[in-house]
Number of protein chains: 2
Amino acid sequence: MPAPRITLVDVARLAGVHTATASRALNPATRGQVSESTATRVAEAAKALNYQPNRMARGLRTNRTFTVGVLIPDITNPLFPPIVRGIEDALAPAGYTALLANSDNDPETERLHVETMLARQVDGLIMATARRSDPLVEHVAASGVPVVLVNRRSEDDRIPSVVPDDGKGIRLAVRHLVSLGHARIAHVAGPLHVSTGMARHRAFLEAMREEALEPDEELIAFARWFTVEEGARAFRALLPTNGRFTAVVTANDLIAIGCYDVMAEQGLRCPEDLSITGYNDIPLLDKLRPSLTTVRLEHYELGATAANLLLEPAADASTSARTILVEPTLVVRGSTMSLARAAEAPTRSSRR
Amino acid sequence: MPAPRITLVDVARLAGVHTATASRALNPATRGQVSESTATRVAEAAKALNYQPNRMARGLRTNRTFTVGVLIPDITNPLFPPIVRGIEDALAPAGYTALLANSDNDPETERLHVETMLARQVDGLIMATARRSDPLVEHVAASGVPVVLVNRRSEDDRIPSVVPDDGKGIRLAVRHLVSLGHARIAHVAGPLHVSTGMARHRAFLEAMREEALEPDEELIAFARWFTVEEGARAFRALLPTNGRFTAVVTANDLIAIGCYDVMAEQGLRCPEDLSITGYNDIPLLDKLRPSLTTVRLEHYELGATAANLLLEPAADASTSARTILVEPTLVVRGSTMSLARAAEAPTRSSRR
DNA sequence: CAAGAGCCTGCAATCGATTGCATGCGCCTA
DNA sequence: TAGGCGCATGCAATCGATTGCAGGCTCTTG
């Protein structure tokens with residue numbers, strides 16, 4: 001037996017007032033317009049009936065749904081749960097709820113989900129799917145619906161975004177390896193069509209030069225995606241340079257794990273034969289063997305900041321949209337070791 | 001410049017018909033009520049204007065939002081992303097979108113989120129937060145909003161649910177260990193107030209008896225939550241029984257990882273000193289050292305099945321609500337080894 | 001004491017789409 | 001040719017809450 005929904009009419013009747021008065025009494029912003037006595041009477045009636053305003057009817061009139069669309073590539077990628085959690089925790093206190101959708105990085109799926117969300121009249125959109133040049137993002141921004149990018153940014157810097165300081169993060173990794181005595185450092189980059197991939201790649205080149213080391217083109221490989229499989233595939237391309245490098249900076253933890261797999265398969269030891277760094281510090285890395293040295297990002301904070309940026313009273317258009325950089329830190333674990341100590345290790349196992 | 005939203009009025013005007021006609025032409029269910037020529041004319045007008053019906057206005061009239069609330073304990077627990085993904089992938093083709101909320105297993109937070117979702121007029125609710133006896137679940141079910149439980153079930157079996165076959169899963173683990181020659185098997189159980197914790201615990205006792213092994217009370221510890229920390233704490237309580245057991249069946253992968261931590265701290269080797277099994281097969285377990293033998297569940301399927309169960313045309317009330325069991329499989333990895341081979345291993349390292 | 005100011009409250013329109021009912025038109029049949 | 005049937009369409013009410021406007025009341029002030 002579906003319980004009959006309580007409407008404002010019921011509350012007004014019980015309190016002996018007009019629905020308009022009841023509405024004003026219940027809305028904090030208009031509470032001052034009614035006398036204190038009626039306000040409390042209405043409030044009591046609402047409580048007695050356990051009244052829950054129909055957000056849809058309200059939204060129809062006010063043109064606000066208190067709903068935010070969140071579009072990510074894939075929630076099963078361990079990078080995203082903390083971001084989503086941060087977003088939701090920041091939205092909830094403001095009365096907003098998140099609509100979640102996964103796109104698998106497919107532009108057509110993205111477009112579809114965005115259309116659906118706009119049809120649902122979301123009050124804003126948080127996108128973690130942006131490519132460096134992304135027509136969909138521009139389309140949404142132009143449509144007037146507030147949008148904030150998270151983790152990845154667009155090259156169009158009019159779009160507000162909250163992203164990791166990739167330059168700083170990669171520099172931390174490179175300096176760490178250099179301080180351990182490494183000079184021949186390889187690099188497995190991520191996809192260059194997204195900002196994180198490109199920024200980390202560029203940062204690697206710059207950081208090397210800052211350390212007076214000329215990056216060697218043959219020691220750079222590109223993964224087409226931030227996945228274990230692509231990391232493995234890309235890393236394999238570096239193997240023929242046998243011995244030309246003693247350390248690897250990767251663009252992402254999953255790519256680093258792909259390197260682990262290939263090393264195991266090739267009989268190479270980490271960190272004795274090769275030091276490796278990751279990026280992001282996803283969960284469980286500390287339980288790997290060896291535990292992975294990586295650049296840590298507070299993904300929860302990344303999401304929460306993005307949500308808050310979206311909720312902020314839209315600063316006047318003159319205020320150029322902000323790009324907020326989140327500070328990374330280096331987490332040193334077992335996958336990197338000093339070149340000197342590595343040399344003392346028992347003979348490197350031969351490749352098969 | 002916020003683009004002016006296109007409404008049905010605009011479409012009707014362009015097509016030269018009344019809004020009612022336009023509405024019927026656009027709705028597949030009522031398409032037959034208008035002539036074919038106007039139907040196509042309206043469709044063309046809609047396409048030309050890129051018309052997107054306002055879901056809120058529609059929902060107000062039809063009392064359907066094509067929205068489903070999904071309540072989980074915590075999306076950052078690796079167990080849940082695949083479930084959520086399965087749910088969303090099953091909902092999307094039917095035109096439904098998921099509203100996601102995290103409760104951290106806090107009853108008050110759960111209640112709050114459920115109220116919010118009901119106020120948003122969700123068409124249904126999928127809950128992964130159920131306790132064995134859960135007033136909130138009963139309240140929702142009684143309110144007439146369709147509910148499906150996922151992963152955990154309620155003792156009230158009138159509530160439809162999709163859960164792992166815990167009895168079978170634990171039996172697989174126990175038999176595997178027994179087949180490896182283990183007889184003194186310890187057990188780190190999960191929280192007994194949720195169905196998964198209780199069912200796995202009971203299943204352990206039964207499975208042992210089926211193997212003609214009497215479970216030893218002193219070799220059973222209880223984690224209060226499915227977390228690494230609680231797993232470690234509970235396992236530590238078993239240490240004083242020094243040597244009384246050669247294998248451990250845990251109720252969950254995170255608990256198993258907690259055991260790993262304590263073993264490392266105590267200088268115990270896995271699997272030489274102790275074989276361990278987990279439950280769920282969350283990502284990256286295969287990269288651990290040793291890789292974890294565990295009971296695998298298709299969490300994606302768990303979520304997708306739950307969503308489909310919710311979408312199913314509500315069978316008449318006489319059809320007793322269904323509880324669907326999802327089949328587990330055993331994934332044998334490096335954390336379990338035959339007792340005989342373990343005996344051949346170099347001397348067990350002493351405890352500190 | 002009358003007029004004005006200010007505070008509460010009610011009236012009614014409104015948001016955009018859906019849908020029961022009524023109407024008009026064309027066509028078939030007797 | 002008139003009566004009748006049915007299809008296609010328009011009219012208008014409706015979902016539930018919000019809000020501009022107007023009206024009534026009280027209280028103050030010249």
Side-chain angles (χ1 to χ4, degrees), chain A residues 2-43 45-46 49-67 95 118-123, chain B residues 2-43 45-46 49-67 95 118-123:
Chain A
R5 272 207 79 73
I6 305 292
T7 76
L8 192 57
V9 179
D10 303 313
V11 176
R13 193 186 309 128
L14 180 59
V17 296
H18 192 266
T19 57
T21 307
S23 172
R24 284 188 269 255
L26 259 19
N27 184 338
T30 51
R31 171 96 26 96
Q33 296 176 30
V34 306
S35 73
E36 190 146 346
S37 69
T38 45
T40 59
R41 197 148 34 89
V42 171
L49 297 174
N50 189 26
Y51 169 67
Q52 293 287 106
N54 184 325
R55 327 260 315 210
M56 223 167 358
R58 170 185 295 169
L60 182 57
R61 184 62 221 259
T62 60
N63 240 329
R64 306 192 57 191
T65 54
F66 283 91
T67 277
L118 293 182
R120 287 183 186 281
Q121 322 285 124
V122 293
D123 293 339
Chain B
R5 274 207 77 74
I6 306 289
T7 75
L8 191 57
V9 179
D10 303 313
V11 176
R13 193 185 309 128
L14 180 59
V17 297
H18 193 266
T19 57
T21 308
S23 171
R24 285 187 267 254
L26 258 19
N27 184 338
T30 52
R31 171 98 23 99
Q33 295 177 30
V34 306
S35 74
E36 191 146 346
S37 70
T38 47
T40 59
R41 196 149 33 89
V42 170
L49 297 174
N50 190 25
Y51 167 69
Q52 292 288 105
N54 184 324
R55 306 275 214 140
M56 220 165 359
R58 169 184 296 171
L60 181 58
R61 186 62 222 259
T62 59
N63 243 327
R64 305 194 57 189
T65 55
F66 283 90
T67 276
L118 293 183
R120 288 183 186 282
Q121 322 284 123
V122 293
D123 293 338

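Please read all numbers here as calculations on a predicted model, not as lab measurements. Below, chains carry the letters A, B, ... as their sequence lines are ordered, and counting in each starts from 1.
Of the residues in residues 8-21 of chain A, those placing a heavy atom less than 4.0 Å from an atom of DNA chain C are A:Val17, A:His18, A:Ala20, A:Thr21, in numerical order. In the region residues 58-65 of chain A, proximity to DNA chain C at under 4.0 angstrom, judged on heavy atoms, holds for A:Leu60, A:Arg61.
A:Arg41 places a side-chain N or O within donor-acceptor distance of the main-chain N or O of A:Ala15, the cut-off being under 3.5 Å. Counting only distance, with no hydrogens or angles, the side chain of B:Arg55 and the backbone of A:Ala119 share no donor-acceptor pair below 3.5 Å. With hydrogens and angles ignored, the 3.5 Å screen pairs no side-chain donor or acceptor of A:Asp123 with any backbone N or O of A:Arg64. Between the side chain of A:Asp10 and the backbone N or O of A:Thr7, at least one donor-acceptor pair lies under 3.5 Å. A donor-acceptor pair is defined here as one N or O able to donate and one able to accept, closer than 3.5 Å; no such pair exists between the side chain of A:Thr38 and the backbone of A:Val34.
The nearest whole Å value for the distance from the CD atom in A:Glu36 to the P atom in C:dC7 is 15 Å. Going from atom CD of B:Gln33 over to atom P of D:dG6 covers 16 Å, rounded to whole Å. Put simply, CZ on A:Arg5 is 13 Å from C1' on D:dA17, counting in whole angstrom units. Remark: P of D:dT18 and CE of B:Met56 are 13 Å apart, rounded to the nearest angstrom. The CZ atom of B:Arg120 sits 16 Å away from the C1' atom of D:dG16 (whole-angstrom rounding). Rounded to an integer number of Å, the gap from A:Asn54 CG to D:dT14 P is 17 Å. When the P atom of D:dT9 is taken as reference, atom CZ of B:Arg24 falls 9 Å away, rounded to whole Å.
Across all their heavy atoms, A:Leu26 and A:Ala46 have their closest contact at CD1-CB, 4.3 Å. Here the closest non-hydrogen pair linking B:Arg31 and B:Ala25 is NE-O, 2.7 Å. B:Gln52 and B:Arg5 make their closest contact through O-NH2, 3.4 Å (heavy atoms, listed as atom of the first residue, atom of the second, distance). In this structure, A:Val17 and A:Thr21 approach most closely via the heavy-atom pair CB-CB, 4.0 Å. Nearest heavy atom pair, residue A:Gln121 against residue A:Thr65, reads O-OG1, 2.8 Å.
For B:Thr30 and C:dT19, the shortest distance from a side-chain N or O to OP1 or OP2 is not below 4.0 Å. Applying the 4.0 Å criterion to OP1 and OP2 of C:dG16, one finds that B:Tyr51 has every side-chain N and O outside that range.
Residue B:Thr38 is classed as a sugar-phosphate contact, given heavy-atom separations below 4.0 Å to backbone atoms only. Looking at heavy-atom distances under 4.0 Å, B:Arg55 makes no contact with the nucleic acid at all. Using a 4.0 Å heavy-atom distance criterion, A:Ser23 is classed as a base contact.
Interatomic distance, CZ of B:Arg61 versus OG of B:Ser23, reported as 10.0 Å (0.5 Å rounding).
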At a cut-off of 3.5 Å, list every protein nitrogen or oxygen paired with a nitrogen or oxygen from nucleotides 24-28 of chain C, distance to 0.1 Å.
none

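A donor atom on one side chain and an acceptor atom on the other are found under 3.5 Å apart for B:Arg120 and A:Thr67.
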